[in-house]
Amino acid sequence: MAQLLKIEDCVSRYEKDVYRYTGQYIRLKSDRWKRVKANWENEKLSEPDDREFSSEPERKKWWQRKSETSETIEEEPYTPPRTPITLSALKKNFREELFDFQLKWASSTIRERSRIGRERLREDFLRILLMDLPDNYLVLYRPIIRLKKAEAQMDVIMIGPDTIHAIVLMDTQKGDVIHPSQGRFWEVERRGEVVKTVSPIAAVQRMNYFIESVIDTNETEMKISYTVLCKNGFINRSGIPPYIQVVDQTNYGQWWEALKRQPSPIKAKQLKAAKGLMDQCVTTAYLRPEWETEQDLWSRVDPE
């Protein structure tokens, strides 16, 4: 699963120390999977069941059983809330748990928490990114950035071992045919009608300006790819600047499979680029209740 470094303006453990948490996540994931699989195999041998799932009562998630006073996750055995009968069902269950865990790390630290917008949690592409791509991809999902005293929201920035992928998503319906133009709006043919949609070119240009203002590609040796993504429709490619890659229904499968076939481990230059980008991100968070209480207690102490 790809690692969610930042979502919107939420506080993230990765922004505190991207070098530490990227490695810790990979080790944690590997260790937990070994434990999950071993427990599942032992339970299958000792208690065979011909139902799809056992009726074992739901238990607290493993990352919620750790002490709230430490950011180090305790090495407790993990028992999934329900025991799948097949290995593929077990993997699916585990990936769902990891997805929730990723959201937790991307919206909280030991001292602070943030609220993720509900509309983001309903976006299929967020789940697809995290659950389908390997661990060596680092994702900033619609981050809010500050550059030259101005704030702006980006689309999706995905940092691979060698390439920074800046992706602008087009919200279209299946079968839409999109005709670009030089203006602010593009035309969309939809079930015999013509509607307008905002051109993604301006969003690409914002991301281009932001990334290339922060990242020295010669120093980091990172390539930058700009993509307009229309998963469900078809885009007429005429009139689109040549530095922008177009991915639509005709080539989405090949593009996605090429991303997944990235065997390189996480690299130092990749982490350096991620830190540089996150340093420009805006964070909005509130103190956990226990930290607010502690601050109140200290504020009442007479300095004399």
Hey, could you give me the CD1/CG distance between Ile159 and Leu271, rounded to the nearest 0.5 Å?
9.0 Å

Would you say Ile240 and Ile235 make side-chain contact, with heavy atoms under 4.5 Å?
yes

Determine whether Ile224 and Ile145 fall in the same hydrophobic cluster, where Ile, Leu, Val, Met, Phe, Trp and Tyr are linked whenever their side-chain heavy atoms lie under 4.5 Å apart.
yes

Is Glu151 atom CD crowded by more than 12 heavy atoms from other residues, nucleotides or ligands, each under 6.0 Å away?
yes

Measure the SG-CZ distance between Cys10 and Arg115 for me, rounded to the nearest 0.5 Å.
10.5 Å

Is a donor on one side and an acceptor on the other found under 3.5 Å between the side chain of Asn42 and the backbone of Ala38?
yes

Looking only at heavy atoms, the pair that brings Ile215 and Ala273 closest together is CD1-O, 3.6 Å

Whether Gln3 side chain and Leu138 backbone form a donor-acceptor pair below 3.5 Å
no

Here the gap from Gln270 atom CD to Thr22 atom OG1, rounded to the nearest 0.5 Å, amounts to 8.5 Å

I need the His179 NE2 to Ser181 OG distance, nearest 0.5 Å.
11.0 Å

If every non-hydrogen atom of Lys29 is compared with every non-hydrogen atom of Met1, which pair is closest and at what distance?
NZ-N, 3.1 Å

Common cluster, Phe94/Leu129, ILVMFWY with side-chain heavy-atom separation under 4.5 Å:
yes

Considering residues, nucleotides and ligands other than Asp171, do more than 12 of their heavy atoms fall under 6.0 Å from its CG?
no

Is Leu28 reachable from Val139 through a run of I, L, V, M, F, W or Y residues, each pair having side-chain heavy atoms under 4.5 Å apart?
yes

Would a 4.5 Å heavy-atom cut-off, applied to side chains only, mark Asp248 and Ile178 as touching?
no

Looking at side-chain heavy atoms only, is the closest gap between Tyr137 and Pro134 below 4.5 Å?
yes

I want to check something: taking the side chain as every heavy atom from C-beta on, are Ser114 and Asp9 in contact at a cut-off of under 4.5 Å?
no

Decide, yes or no, whether a salt bridge links Arg95 with Asp132 under the criterion of side-chain N to carboxylate O below 4.0 Å.
yes

Please work out whether the ring planes of Tyr14 and Tyr21 are parallel, tilted or perpendicular, with thresholds of 30° and 60°.
perpendicular

Sub-3.5 Å donor-acceptor pair from the side chain of Thr163 to the main-chain atoms of Lys223, do we have one?
no

May I have the step-by-step check of side-chain contact (heavy atoms from CB on, under 4.5 Å) for Thr197 and Thr172, ending in yes or no?
CA-CA 9 Å; Thr197 187; Thr172 57; 5.9 Å; no

Residues Arg206, Gln153; criterion side-chain contact (heavy atoms from CB on, under 4.5 Å); working and verdict
CA-CA 9 Å; Arg206 281 195 302 271; Gln153 186 162 35; over 6 Å; no

Enclosure of Glu119 CD (heavy-atom neighbours >12, cutoff 6.0 Å)
yes

For the residue pair Tyr243 and Tyr226, categorise the inter-ring angle as parallel (less than 30°), tilted (30 to 60°) or perpendicular (more than 60°).
perpendicular

Under 4.5 Å between any side-chain heavy atoms of Met170 and Asp176, yes or no?
no

How are the rings of Phe101 and Trp105 set relative to one another: parallel (under 30°), tilted (30 to 60°) or perpendicular (over 60°)?
tilted

Do Ile157 and Ile164 have side-chain heavy atoms sitting under 4.5 Å apart?
yes

Is a salt bridge present between Arg32 and Glu97, judged by a nitrogen-to-oxygen distance below 4.0 Å?
no

CG of Leu98 to CD of Gln102, rounded to nearest 0.5 Å, is 7.5 Å

Salt bridge flag under 4.0 Å for residues Lys104 and Asp100
no

Taking the side chain as C-beta and beyond, is there a heavy-atom pair between Lys231 and Leu169 under 4.5 Å?
no

All heavy atoms of Lys6 vs all of Cys281, minimum pair found to be CE-CB, 3.8 Å

Common cluster, Ile201/Phe234, ILVMFWY with side-chain heavy-atom separation under 4.5 Å:
no

Evaluate the side-chain proximity of Asn232 to Tyr252: yes if any heavy-atom separation is below 4.5 Å, no if none is.
no

Check the side chains of Gln24 and Arg13 for a donor-acceptor pair under 3.5 angstrom, ignoring hydrogens and angles.
no

Smallest heavy-atom separation, Thr283 atom then Glu15 atom, equals OG1-OE1, 2.9 Å

For a side chain to side chain donor-acceptor pair (under 3.5 Å) check, start with the C-alpha distance between Ser199 and Trp186, then their side-chain angles and the critical distance, and finish with the verdict.
CA-CA 5 Å; Ser199 166; Trp186 287 4; 3.2 Å; yes

Arg237 versus Val246, closest heavy-atom pair with distance:
NH2-O, 3.4 Å

Could you check whether Glu193 pairs with Arg190 (Lys NZ or Arg NE/NH1/NH2 to Asp/Glu carboxylate O, under 4.0 Å)?
no

Under a 3.5 Å cutoff, is there a donor and acceptor pairing between the side chains of Asn208 and Glu212?
yes

Basic-acidic side-chain contact under 4.0 Å: Lys16, Glu112
yes

Carboxylate-amine/guanidinium proximity below 4.0 Å for Asp155 and Arg142
yes

Would Asn93 and Val36 satisfy side-chain contact (heavy atoms from CB on, under 4.5 Å), going step by step from the backbone distance to the final call?
CA-CA 10 Å; Asn93 180 292; Val36 168; over 6 Å; no

Between the CZ atom in Phe99 and the CZ atom in Arg127, the distance rounded to the nearest 0.5 Å is 4.5 Å

Leu140 and Met154: CA distance, side-chain angles, deciding distance, side-chain contact (heavy atoms from CB on, under 4.5 Å) verdict:
CA-CA 9 Å; Leu140 283 69; Met154 302 291 102; over 6 Å; no

same_hphob_cluster(Tyr19, Met222) at 4.5 Å side-chain heavy-atom cutoff:
yes

Correct closest heavy-atom pair for Val214 and Gln280 would be CG2-CG, 3.7 Å

